[in-house]
Each structure stands twice: as structure tokens, then as C-alpha cells.
There are 2 protein chains.
Amino acid sequence: VIRLNQVCKRYRMGEATVDALVDATFTIEEGEFVAILGPSGSGKSTLMHLLGFLDSPSSGELFFEGRPVAALDETARAHVRAEKIGFVFQAFNLLPRLTVAGNVRLPLTYHRHPPADAAARVADALARVDMTNRAHHRPGELSGGQRQRVAIARALVNSPRILLADEPTGNLDTHTAATILALFKELNRQGGTIVLVTHSAEIAAQFPRQLHVRDGRITDHR
Amino acid sequence: VIRLNQVCKRYRMGEATVDALVDATFTIEEGEFVAILGPSGSGKSTLMHLLGFLDSPSSGELFFEGRPVAALDETARAHVRAEKIGFVFQAFNLLPRLTVAGNVRLPLTYHRHPPADAAARVADALARVDMTNRAHHRPGELSGGQRQRVAIARALVNSPRILLADEPTGNLDTHTAATILALFKELNRQGGTIVLVTHSAEIAAQFPRQLHVRDGRITDHR
Ligand SMILES: Nc1ncnc2c1ncn2[C@@H]1O[C@H](COP(=O)(O)OP(=O)(O)OP(=O)(O)O)[C@@H](O)[C@H]1O
Ligand SMILES: Nc1ncnc2c1ncn2[C@@H]1O[C@H](COP(=O)(O)OP(=O)(O)OP(=O)(O)O)[C@@H](O)[C@H]1O
Ligand SMILES: [Mg+2]
Ligand SMILES: [Mg+2]
């Protein structure tokens, strides 16, 4: 469903260059359950942003469902993101002036769901991450792990076909992290594609396929 | 060095009340190495903010070096914080418009160190967390784990007597997390007091004393 060919991402800063991703070439099939591992600063979040069409490569091609992503303008990309992709950001990226419920509802506004339907979807997503009793708090009134769970709920609310989760359990105790992982496995059982960045060896061990990133280069392990 | 007596923290939100901390009573002696554990939302960050004089209790007393903290005005508290306490925030709290070096230097401005001395301290702190080659980046140009390391460097730069670290390795791979923990142990060997919040059982196991937090209540384990 997603294919990369010789994808590179380079940041220029004055004289200096950072090669965040170098010659990334691999394919992720629909329904796969993939973990991404690697040291701090190795390029994992950079890769995730490319997979979620939040950023463009410096060189190389990305293909989504067989078609080149470069051919899609920003409107078309936003449509695919809203329709098919759920993204859990490493830094959560919650809007501070919206409540928890307001934040989780955001991906639904794209399709203009009827209000009752949207409310039901938000309630269901919050229940799945055990955040129902904080629905009216603002992000600043939450703990770190609670914010992380709200970011997860927001990514799940429109039943995405592809879930991209960038270190979704880094702020969670072992028990809560296990319930989140069980959620993702359930999504996978229903046919969803899951790509998850993790620093935890125990979590990575539960994935049949692992992409290892080091200094921007990727090796594929099954 | 820090003593709490029946400390409570309550948040009021309209009709609702959140009891984030309930009757916390314990003492931390100088030179101790203490871990704080507990589920997401249990009150750990709330406790850390009280320990670092970043917040005040709703009821109960805090004592620092034998004297009541309530008797200190904000200027006196800021003085103690700048002088003796290093705080690593769970959400890092870096200033986006300053470079990495600028952020790490912030705690030194309070005492107006001579520029050469300040520059040396910043360079040393960055080297200890292996962030020397990102000194001129801004936080937005860093990975999640790199931001976490900058937050750690900033907490270490003025050689604090008390280090309060709120989940300082949540975004780090196992190897980098181990180097950070070794840093903290070294600080402890030199007489520093370390209080560290963690979700990792392996990290907690290395601490002779653990405070367990659950629904705002604390139990002491040695
Ligand atoms: N400003 C606030 N207003 C209302 N409730 C708050 C506020 N800040 C925190 N809380 C609540 O207080 C409780 C404790 O929060 P705290 O941040 O201390 O948890 P924590 O143990 O650090 O969790 P985590 O491991 O997820 O970081 C949470 O249930 C949270 O929702
Ligand atoms: N806007 C930018 N400008 C310059 N360099 C950048 C920028 N964004 C990221 N980088 C650099 O690109 C590299 C890869 O960053 P990335 O965020 O992908 O790492 P990561 O593998 O997600 O790390 P972590 O595990 O710490 O989150 C890092 O060395 C970082 O400093
Ligand atoms: Mg990252
Ligand atoms: Mg916390």
C-alpha cells in the first residue's frame, strides 16, 4: 500500500547539511504490522512524516496504492490523510484551546459527519484509551500520559486504514501501554495496516517485521 | 533536605474536583537516589512540581533544608530553584526561538556568570548528553530524543544539588537511556540528590528507594 524508492530527506542549515534519511527503499503491504526501531536522532520520525504525507522527500519516489504521491497536490494529500491515515505524533500536537473531546473530533470535521454520529465516534475513541472522564479537560490540565492517550484517540476516531504511531507509549506505564498495544493489534486483525515507532525491545518483539534505522539508513528484518 | 507533611493538591474545574495528590507525607534526605513510579495520571508530575517549588500545595506543608517553603516569596523561591535545583520536565519546555546552546545556558543567566565560564559549562553539559553537534539547532530542528537530552543538559548545567527528572528517558533508545542514567548515578556519587520519575521497571530496579503513587496517594518502598 506504501512503497518507497531511494527516498532521501536532507535538511540544509546554512553551510551544514543533515542527511536525515538516505536511500530508503521498501514496501509496506496492506494489513502489515511493522515496528520501526533505531537510536535517538536516527531518522524514524522523519520517515513517519514521509509515510503520512506530512512532508516530501528531497529525492526519490513515494507510491501510495500504486500511484506516485508527488502527483497529488496538497488538497488531494489532505484528502487521503483525512480519509485513510491516522497519525500519532511523538509530541502529541494537541490544540491547547480545544478540550479533549474537541481535539479528538478534529479528523471528523473533514467529512462533515452528522453531529450525533461524530459524538458517538469521539465517545468510542475516548473509551478505548480510558479517557472518558477527562473529555472536558484541556490538554494543559492533563498528565503526559493522558495527553498521549488523547493523541492516540484522535488518530483512531475515523477508523483509519493505516495507523502511523510515533512512539505512542513512551509516556505510559506498562499496564496502560499493553492496553494500547492490544488496541492496535485489534485494528490489525480487522485489516488495518500498523506502523509503529518504538524504543522498547519488548514491544518490538511482538512485531513480525522490523525496520531498523541508523544514521538515516534502513535495514529490513523479518 | 525536602520534607512533606500531609501535602494535598486539588484542582477545581467548575463543579468538579480532581484530587491530584492526597496527604503526601515523606522525607527525602540529602544524597538520596529515589525513583517515583505509578500509573498514568496518578500524580507523579504534580508531586515533582511541588518538590521543585514550581507549584504550591492546596493544603499541608513543605520544608526545604528545615525551613517552611510557604514562608518564601516568589523571589526567594526562584533563587533556590536557580541555585540548587535542576528540573527535567516531562514535556521538555524548551524555548523554540533559542538555539540548543541558548536553552542550556538559561539557568546560568540568573547568576550572571562571566561569558567564558558560562560557555564552558554549556559545552560540558552538551557533551555529557552527546548533543555537541546540535548546539546551533533550534528545538524544532531536533528529534524527540534530542530535545529530551537538551532538557537534561539544561537541568545539569549549573551543577544542581538536587536533580528532579520527570521521565527523562521516555523518548530515548535503551543505549542512550543507559548513558543518561549513568550520568545521574555519577551526580549522586558526588553527593547530589536524585529524584526520578520513570515508567520503566528496569530503571526503577536500580533505585534503592521507590515512592509508588496511585490515585494521588504515596507509599514508600525501600
Ligand atoms: N491543571 C489541571 N486541572 C485539572 N486537573 C489536572 C490539572 N493538571 C493535572 N490534572 C490531573 O491531575 C492528575 C495527576 O496529573 P499528573 O500530571 O501529576 O499525573 P502523572 O502521574 O504525572 O501522569 P503521567 O505518568 O501520565 O505523566 C491527572 O489525573 C490530571 O488529569
Ligand atoms: N528541521 C530540521 N532541520 C535540521 N535537522 C533536522 C530537522 N528535523 C530533524 N533534523 C535532524 O534529523 C535527524 C533525524 O531526526 P528524527 O526526528 O527523524 O529522529 P528520530 O529517529 O525520530 O529520533 P528520536 O528517537 O529521538 O525521536 C536528527 O539528527 C535531527 O537533528
Ligand atoms: Mg522521533
Ligand atoms: Mg507526568
Side-chain angles (χ1 to χ4, degrees), chain A residues 11-16 18 20 37-48 89-92 94 99 129-131 133-150 166-167 169-177 179-180 197-202 204 212-214, chain B residues 11-16 18 20 37-48 89-92 94 99 129-131 133-150 166-167 169-177 179-180 197-202 204 212-214:
Chain A
Y11 295 108
R12 295 192 193 287
M13 311 181 56
E15 292 282 327
V18 176
L37 294 103
S40 173
S42 55
K44 306 179 296 296
S45 295
T46 301
L47 175 60
M48 292 291 273
F89 291 90
Q90 186 171 5
F92 319 149
L94 301 179
T99 62
V129 298
D130 194 21
M131 285 297 298
N133 61 354
R134 291 284 184 271
H136 305 297
H137 281 229
R138 288 192 170 67
E141 296 161 334
L142 298 177
S143 78
Q146 289 170 340
R147 281 177 210 148
Q148 189 154 44
R149 282 184 274 159
V150 172
D166 197 347
E167 296 188 39
T169 61
N171 281 282
L172 301 177
D173 54 278
T174 331
H175 173 73
T176 311
T179 55
I180 294 302
V197 174
T198 182
H199 281 311
S200 158
E202 292 104 27
H212 290 206
V213 188
R214 177 173 284 279
Chain B
Y11 296 107
R12 296 195 193 284
M13 312 181 54
E15 292 281 327
V18 176
L37 295 101
S40 173
S42 56
K44 305 178 297 296
S45 296
T46 301
L47 175 60
M48 292 291 272
F89 291 90
Q90 186 172 4
F92 319 150
L94 301 179
T99 61
V129 298
D130 193 22
M131 285 298 296
N133 61 354
R134 290 282 184 273
H136 305 297
H137 282 229
R138 288 192 170 67
E141 296 162 332
L142 298 177
S143 77
Q146 289 169 340
R147 282 176 209 147
Q148 189 154 44
R149 283 184 274 159
V150 173
D166 197 346
E167 297 189 40
T169 60
N171 281 282
L172 302 177
D173 54 279
T174 330
H175 173 74
T176 311
T179 55
I180 293 303
V197 175
T198 181
H199 281 312
S200 157
E202 292 103 26
H212 290 206
V213 189
R214 178 174 283 278

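What you see is a predicted model, and the numbers here were worked out from it, not measured in a lab. Chain letters run A, B, ... following the sequence lines, proteins first, then strands; residues in each count from 1.
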Seminar exercise, completed: dist B:Ser45:OG -> A:Leu142:CG (nearest 0.5 Å) comes out at 11.5 Å

Problem set entry | Heavy-atom closest pair, residues B:Ser143 and A:Ser40 | OG-OG, 3.8 Å

Seminar exercise, completed: One option among A:Arg149, A:His199, A:Glu167 has the most heavy-atom pairs under 4.5 Å with chain B, and it is A:His199

Exercise. How long is the span from the CD atom in A:Gln90 to the CD atom in B:Gln148, to the nearest 0.5 Å?
Worked result: 9.0 Å

Exercise. Do B:Val18 and A:Glu141 have side chains that get closer than 4.5 Å, going by heavy atoms?
Worked result: no

